[in-house]
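Just so you know, ligand 1 is whichever comes first in the structure, and atom 1 is the first atom listed for that ligand.
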Amino acid sequence: MNFSEQELALGRKIIETCLHLERRGLNQGTSGNVSVRLGRNPKDGFLITPTAVPYDVMQPEDLVHMRFDGKHTGRHAPSSEWRIHLDILRSRPEVGAVIHTHSGFSTTLACLERRIPAFHYMIALFGGDDIRCSDYATFGTQELSDRVLKALKGRSAALMGNHGLIVLAPNLKRALALTVEAEMLAMMYWRAIQVSEPRILSDAEVARVRAKFSTYGKSAPPKG
Ligand code: 13P
């Protein structure tokens with residue numbers, strides 16, 4: 001398949017993101033996957049990492065172009081989790097990029113079937129008062145996609161039962177930043193519960209933080 005310059009450039013960004021995740025210890029080998037929407041027109045489809053190709057040898061030409069009817073072109077098969085990526089990008093027009101990891105602390109909580117509650121105010125970054133944990137289903141199945149989408153309702157992250165973490169954002173840069181934040185929250189929560197049950201913030205407080213986040217970093221610089 002012939003990729004356009006735009007697709008190759010996006011492919012390079014996706015691989016950079018995968019390598020960044022690997023350097024931070026959030027994914028390794030072939031675990032996890034990444035997709036990015038190609039344009040606002042649903043006909044444009046999206047690029048997704050290929051299945052079973054280690055990140056450290058992945059080339060932009062290895063990425064797979066998928067359409068929303070599930071057809072794909074490229075020299076590899078798409079990630080085994082293409083259904084989750086497709087279902088998210090099709091049903092959530094505000095989402096431009098999806099990152100799935102097997103990062104250690106998120107996955108530990110997911111194996112305990114524990115959601116991350118509002119034990120820290122940064123939970124509000126993810127759309128509500130928790131990061132839910134989906135029920136388990138076999139990797140690469142429609143059942144898993146259905147369960148993950150349910151856990152993601154009104155949220156931009158979910159733990160995947162006995163599996164990992166998934167994060168959504170308007171673009172790839174933001175998705176990477178949110179993945180790092182979600183894993184950090186999972187680490188802090190895991191540490192906290194070794195000692196005791198942390199205090200949980202009220203719904204009203206989470207709502208207040210969400211309102212503050214909507215203007216965070218957007219105000220005019222102070223005068224003078
Ligand atoms: P892929 O190599 O098929 O993307 O699978 C990795 C994975 O994490 C499955 O959940």
Between Phe46 and Phe68, does the ring centre distance come in under 6.0 Å?
yes
Partners meeting salt bridge (Lys or Arg N to Asp or Glu O under 4.0 Å) with Arg174 (sequence neighbours left out):
none
Short N or O separations between ligand 1 and the protein, below 3.5 Å:
| from | atom 1 | to | atom 2 | distance (Å) |
| --- | --- | --- | --- | --- |
| ligand 1 | 2 (O) | Ala52 | N | 2.9 |
| ligand 1 | 3 (O) | Thr51 | OG1 | 2.5 |
| ligand 1 | 3 (O) | Ser80 | N | 2.7 |
| ligand 1 | 3 (O) | Ser80 | OG | 2.6 |
| ligand 1 | 4 (O) | Asn33 | ND2 | 2.8 |
| ligand 1 | 4 (O) | Ser79 | OG | 2.8 |
| ligand 1 | 5 (O) | Ser80 | OG | 3.3 |
| ligand 1 | 8 (O) | Gly32 | N | 2.8 |
| ligand 1 | 8 (O) | His102 | NE2 | 3.0 |
| ligand 1 | 10 (O) | Glu81 | OE2 | 2.7 |
| ligand 1 | 10 (O) | His100 | NE2 | 3.4 |
| ligand 1 | 10 (O) | His163 | NE2 | 2.9 |

Please verify the inter-ring angle class for His163 with His102; under 30° counts as parallel, over 60° as perpendicular, anything in between as tilted.
perpendicular
Salt bridge (Lys or Arg N to Asp or Glu O under 4.0 Å) partners for Arg208, two or more places apart:
Glu205
Determine whether the aromatic ring centres of His85 and His100 lie less than 6.0 Å apart.
no
Set of salt bridge (Lys or Arg N to Asp or Glu O under 4.0 Å) partners for Arg191, sequence neighbours left out
none
